[in-house]
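To start, the structure under review is shown below, and the notes come after it.
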Amino acid sequence: MKYWLVKTEPDECSIDTIAARGDAGMVWDGVRNYQARNFLREMQQGDQVLIYHSSCSKVGIVGLAEVTETAFVDPLQFDPDSPYFDAKSKPERPRWDAIRLQYRQTFARLLPLAELKKSPALAANPLVQKGSRLSVVPFTADEFQAVLALLN
DNA sequence: GCCAACGTTGGC
DNA sequence: GCCAACGTTGGC
């Protein structure tokens with residue numbers, strides 16, 4: 001089992017939005033960065049995914065989800081009306097993938113980015129590195145445990 | 001709203 | 001293949 005973190009803008013899709021989906025889960029689409037897409041493709045069923053709120057007043061880790069469906073073709077890339085439309089992507093050779101996540105829990109508190117940056121155990125993680133814009137971030141088992149420890 | 005950092009595009 | 005210009009991300 002692997003560990004990940006995904007960024008989401010709470011105005012668009014918050015941890016509550018994911019929770020409201022229940023067993024149906026949430027299709028995680030709209031990723032339009034090759035490095036992030038490659039990480040999506042590495043995800044396996046049952047992988048644990050930290051949910052991170054970005055581009056808002058309180059940025060940080062808010063909860064946990066689980067991968068319930070591995071990478072499939074993101075249909076939005078072929079939808080001209082979608083903001084995620086990609087004119088250069090062809091059905092016979094799709095560029096972008098999506099996955100499905102299911103809600104697991106909301107943490108007792110939001111773990112702010114500032115606190116993550118102070119943790120020596122997380123210093124090597126891309127999330128806390130200056131200028132990092134990766135929206136799908138791999139976590140080692142140790143880094144994942146460090147996050148849980150900070151929450152206690 | 002500002003701006004640093006980054007990825008992508010496209011001319012050459 | 002280089003690299004300048006541009007658009008986007010995302011914290012603050």
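Below, read A as the first sequence line, B as the second, and so on, with proteins coming before strands; counting in each chain starts at 1.
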Among A:Q48, A:Q105, A:Q45, A:R100, side-chain hydrogen bond (donor to acceptor under 3.5 Å, both in side chains) partner for A:E66: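 Passing option: A:Q48.
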
Aromatic contact, A:Y34 with A:W96 (centres under 6.0 Å):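 Aromatic pair counts; centres sit under 6.0 Å.
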
Please give, in whole Å, the distance from [N] [atom2] to [X] [atom1]?
X      : N      : atom1 : atom2 : result
A:D11  : C:dG10 : CG    : P     : 14 Å
A:I61  : C:dG11 : CD1   : P     : 12 Å
A:R37  : B:dG7  : CZ    : P     : 15 Å
A:D86  : B:dT9  : CG    : C1'   : 13 Å
A:K118 : C:dG11 : NZ    : P     : 16 Å
A:L134 : B:dG7  : CG    : C1'   : 12 Å
A:E9   : C:dG11 : CD    : P     : 9 Å
A:L113 : C:dT9  : CG    : C1'   : 14 Å

Any A:K130 side-chain N or O less than 4.0 Å from OP1/OP2 of B:dA5: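 Indeed, a polar side-chain atom of A:K130 lies that close.
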
Short side-chain N/O contact to C:dT9 OP1/OP2 from A:K7, under 4.0 Å: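 Checking C:dT9 against A:K7, no side-chain N or O comes under 4.0 Å of OP1 or OP2.
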
Which nucleotide in [options] has an atom nearest any side-chain atom of [X]:
X      : options               : answer
A:K88  : B:dA4, B:dT9, C:dG11  : B:dT9
A:K117 : B:dG7, B:dA4, C:dC12  : C:dC12
A:Y34  : C:dG11, B:dT8, C:dG10 : B:dT8

Note, A:R95 side chain near A:K88 side chain (heavy atom, < 4.5 Å):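 Sidechains of A:K88 and A:R95: in contact.
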
Close side-chain approach of A:L127 and A:K7, heavy atoms under 4.5 Å: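 A side-chain contact exists here, since the closest heavy-atom pair is under 4.5 Å.
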
Minimal non-hydrogen separation, A:P94 against A:F78, with atom names: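 Between these two residues, the closest heavy atoms are CB-CZ, 4.0 Å.
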
Sugar-phosphate, base or nothing in reach of A:K58, heavy atoms under 4.0 Å: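 Touches nothing.
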
